[in-house]
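Have a look at the structure below before the remarks.
Note that the numbering runs from 1 along the sequence shown for the chain. Values below: all heavy atoms of this structure, side chains included; hydrogens, waters and symmetry mates excluded.
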Amino acid sequence: MRRLILLAAGLMLFSCNRVLELRPTDKIRAEDLFGDPAGVKLYMANLYYQLPIEDFTYFRAGFNQNGGDPNNGGFAPAMVTDEAVHSEFGDFIGNNDFAWWEPAYKLIRDVNILSDAIPSLPITEDEKKALTGESAFIKAFAYFGLAKRYGGVPLIKNTQKYEGDVEALKVPRSTEKETWDYVMEQCDVAIASLGEGTGRRATKWTACALKSRAALHAASVAKFGPRAVMSGDAVTQQLIGLDAAAASGYYDACIKASEMLMASGKFGLYEPNPATPEAAAENYRKMFQDPNSAAIEAIFIKGFTLPGNNQGHNYDIWYQPAQVANGWPHPGRMNPTLDLVDLYERYDNPGQPAPVVTTAEGNVNDYNGYNPALTYLRFDTPNDIFKGKDARLWGTAILPGTTFKETPIIIQAGFVKPDGQAVIRTNDQVTVDGTTYYTYGAPSTTMYSGFDTYGGNNTRSGFSFKKFMNQSSPITAGWNQSTTDFMEFRFAEILLNYAEAVVESGQGDAAAAAKALNDIRKRAGHTVNIPLTSANVQRERRVELAFENKRYWDLIRRREYHTEFNNRMMHALLPLLDLRALPARKYIFVRVNVPNTNSKTFEPKLYYKPIPGIGANGLVQNPQY
């Protein structure tokens with residue numbers, strides 16, 4: 001459809017100039033397409049659509065997976081990390097999951113066509129400069145998407161023309177360092193060429209944000225590469241891997257790009273001074289429900305303004321809890337893990353993760369299920385156990401017994417009878433003193449959102465999903481009906497990039513980096529500053545950027561995946577109604593492995609994806625493929 005639109009636009013230009021009989025009717029001349037503002041707008045829309053933005057339509061099969069009836073089951077990148085599990089499926093990472101090769105080189109070809117045509121276009125020098133900067137931004141984005149997946153890749157810097165010799169079109173892989181340096185170079189071109197405008201196209205500031213993120217990734221690969229030693233032709237030819245000495249330069253590039261944004265006066269944290277933790281939680285939630293209301297924080301937004309027609313997305317139908325599904329048959333599929341929930345601090349013990357304590361014995365590493373010999377702490381409501389934890393938890397996850405869309409969300413795994421016998425994850429009921437109690441907290445599958453395996457629609461971790469969810473309107477039961485926009489770059493990430501680059505490199509202003517870290521925490525309702533340490537920065541990244549598809553790449557770039565996921569189980573929290581405490585209703589909680597899941601192990605070879613088509617393209621393959 002997009003190609004037909006472009007062809008139609010081109011033919012209209014030809015018709016207006018009465019030259020149909022003089023030019024090929026199957027081609028659009030660059031000067032006709034790019035010399036007309038409407039033509040540039042159409043072409044740019046196509047380029048931006050192809051950008052590797054890991055948003056609401058990014059699933060294991062790739063980008064823009066929002067066609068009619070997208071067959072991805074709601075399996076998002078968070079589910080191959082320790083952020084979440086799927087309510088039904090338990091897959092992990094395959095060789096080609098989240099790969100991006102052929103579409104990447106299509107985007108590169110398309111942007112090269114534009115950038116090669118710029119010098120001869122009948123437009124002003126200022127317009128040429130802007131197009132040059134925008135083209136460089138798109139190239140940098142594309143090669144960043146390739147470098148973090150494959151290492152060194154073929155750098156095709158200009159349009160290729162087929163003149164009868166296929167071999168002449170083959171370009172060997174550059175080294176990984178050459179590839180990262182090309183990303184930095186294109187970012188610099190974009191920064192120097194683009195203006196400070198607003199809107200949803202690239203600006204000087206979006207280019208700075210891209211450089212901040214990309215440089216941090218490259219620096220991390222250089223510093224932490226020895227954590228996962230590899231061998232083979234790709235290693236000896238330096239097609240993958242970076243020398244540790246390169247880390248300093250990339251950290252410096254991240255620091256400088258971040259400082260440009262921080263000093264610009266254009267951006268800041270949305271609602272940086274909340275009156276209470278409750279206000280902080282609501283501010284955090286609202287920012288993601290409508291990023292346009294948080295313009296001061298949003299550096300680059302991808303819009304989803306039209307429902308249906310492949311232009312909307314499906315987060316609301318996949319991930320809102322079952323009780324508000326409004327007829328959609330497959331809700332509730334994003335289940336935040338107890339592993340993530342444990343990370344959020346308590347306000348009374350700042351700077352430390354606060355695992356959920358369920359027993360008087362205090363063992364937070366016991367996942368063996370309900371044990372009547374233990375003394376379980378009792379709580380009046382299903383969410384009292386989380387009181388005092390970081391506001392961002394309340395803005396990210398739907399906790400048991402909290403209200404969503406004016407509906408109390410029931411997440412219950414069972415009950416303990418007055419005689420001490422536990423009924424857990426088995427559909428049952430018991431009547432005590434004339435009142436009937438149900439395993440899952442209510443009698444009907446439409447009345448609860450947890451643990452029942454019915455339809456794969458109920459959380460099995462003990463938590464449902466709130467971040468990005470639209471609370472303002474009911475679910476529309478159909479494909480691509482959601483229009484929540486996505487922040488690809490936001491100011492909080494830049495502050496975190498800056499803090500990490502400073503603490504890992506020892507370069508830059510440590511006081512400014514500590515302030516950046518604590519400003520983010522202040523926006524979350526914290527009043528006590530914590531020191532700038534690597535552990536503090538990484539914990540803040542995990543809770544601040546949760547579910548923004550950053551955790552996967554943080555594990556990749558810091559070479560932590562194979563140690564964090566070595567026969568690892570994800571964990572859940574079972575809320576149980578304790579009928580031994582009657583007449584007052586009390587709840588206890590049990591820490592367990594997520595039911596019906598297997599352990600997960602990351603293979604070190606997956607730090608780099610396999611290069612496709614090496615039989616034809618002659619490229620050197622990455623190790624162990």
Side-chain angles (χ1 to χ4, degrees), residues 55-59 64-70 72-74 76 78 84 87 200 270-271 278-295 297-298 301-336 391-392 394-411 442 444-450 455 457-459 463-488 490 546-548:
D55 58 8
F56 303 129
T57 63
Y58 175 63
F59 292 89
N64 297 315
Q65 300 294 306
N66 61 332
D69 191 11
N72 53 45
S87 62
R200 300 192 178 187
Y270 173 68
E271 297 293 348
E278 291 74 20
E282 180 63 7
N283 292 339
Y284 186 80
R285 183 198 69 80
K286 288 192 300 183
M287 175 169 61
F288 297 101
Q289 177 175 285
D290 182 13
N292 302 285
S293 67
E297 180 144 349
I301 292 176
K302 179 175 177 180
F304 292 90
T305 56
L306 300 174
N309 297 320
N310 302 337
Q311 301 304 309
H313 62 83
N314 296 302
Y315 255 51
D316 286 303
I317 57 174
W318 284 130
Y319 301 144
Q320 291 198 27
Q323 286 171 256
V324 297
N326 198 33
W328 175 253
H330 306 298
R333 303 206 148 200
M334 182 80 84
N335 305 168
R392 288 168 291 188
W394 298 80
T396 297
I398 296 176
L399 305 177
T402 56
T403 299
F404 183 79
K405 288 187 172 179
E406 301 181 348
T407 301
I409 302 301
I410 298 174
I411 298 175
S444 167
T445 57
T446 63
M447 299 171 66
Y448 53 76
S449 299
N457 299 333
N458 294 280
T459 178
F463 310 97
S464 196
F465 191 57
K466 182 182 289 187
K467 194 171 183 177
F468 308 116
M469 297 294 95
N470 185 349
Q471 285 195 188
S472 302
S473 59
I475 289 175
T476 300
W479 297 114
N480 304 313
Q481 297 300 308
S482 295
T483 57
T484 303
D485 291 342
F486 183 82
M487 281 187 286
E488 173 61 5
R490 65 184 181 97
F547 300 101
E548 295 177 48

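When side chains are defined from C-beta on, P331 does not count as touching Q320, because their heavy atoms never get closer than 4.5 Å. Between D485 and R200 there is a side-chain heavy-atom pair separated by less than 4.5 Å. Counting heavy atoms from C-beta on, the side chains of N335 and F463 never come closer than 4.5 Å. Between H313 and T484 there is a side-chain heavy-atom pair separated by less than 4.5 Å. The closest side-chain heavy-atom distance from T483 to T305 is not below 4.5 Å. Contact annotation: the side chain of I410 approaches that of Q323 to within less than 4.5 Å [non-hydrogen atoms, C-beta and beyond]. Residues N480 and N314 have side chains in contact (heavy-atom distance under 4.5 Å, counting atoms from C-beta outward). At a threshold of 4.5 Å between non-hydrogen side-chain atoms, the residues K466 and Q471 count as touching.
With hydrogens and angles ignored, the 3.5 Å screen pairs no side-chain donor or acceptor of Y319 with any backbone N or O of K467. Listed for the W328 side chain is a donor-acceptor partner under 3.5 Å among the backbone atoms of I317. Formation of a donor-acceptor pair under 3.5 Å by the N457 side chain with backbone atoms of P329 is found in this model. At least one donor-acceptor pair under 3.5 Å links the side chain of N66 to the backbone N or O of N310. The closest donor-acceptor contact from the side chain of D316 to the backbone of N470 lies under 3.5 Å.
Ring-plane geometry between F304 and F56 is classed as tilted, the angle between the planes lying from 30 to 60 degrees on a 0 to 90 degree scale. Note on ring orientation: taking the six-membered ring where Trp is involved, the planes of F468 and F465 are tilted (angle from 30° to 60°).
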Walk me through it: do T396 and Y284 pass the test side chain to side chain contact (heavy atoms under 4.5 Å, CB included)? CA-CA 8 Å; T396 297; Y284 186 80; 3.3 Å; yes
Trace of the side chain to side chain contact (heavy atoms under 4.5 Å, CB included) decision for M469 with V324: CA-CA 12 Å; M469 297 294 95; V324 297; over 6 Å; no
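For R333, the salt bridge (charged side-chain N to carboxylate O under 4.0 Å, His left out) partners two or more places apart in sequence, or in a different chain, are E88. Qualifying salt bridge (charged side-chain N to carboxylate O under 4.0 Å, His left out) partners for E282, counting only residues two or more places apart in sequence or in other chains: R285.
The minimum heavy-atom distance between I301 and P291, with the atom names listed, is CD1-CB, 4.0 Å.
Judged by distance alone, the side chains of S444 and T446 do bring a donor and an acceptor atom under 3.5 Å apart.
R490 has a carboxylate O that lies under 4.0 Å from a charged side-chain N of E548, or vice versa, which qualifies the two as a salt bridge.
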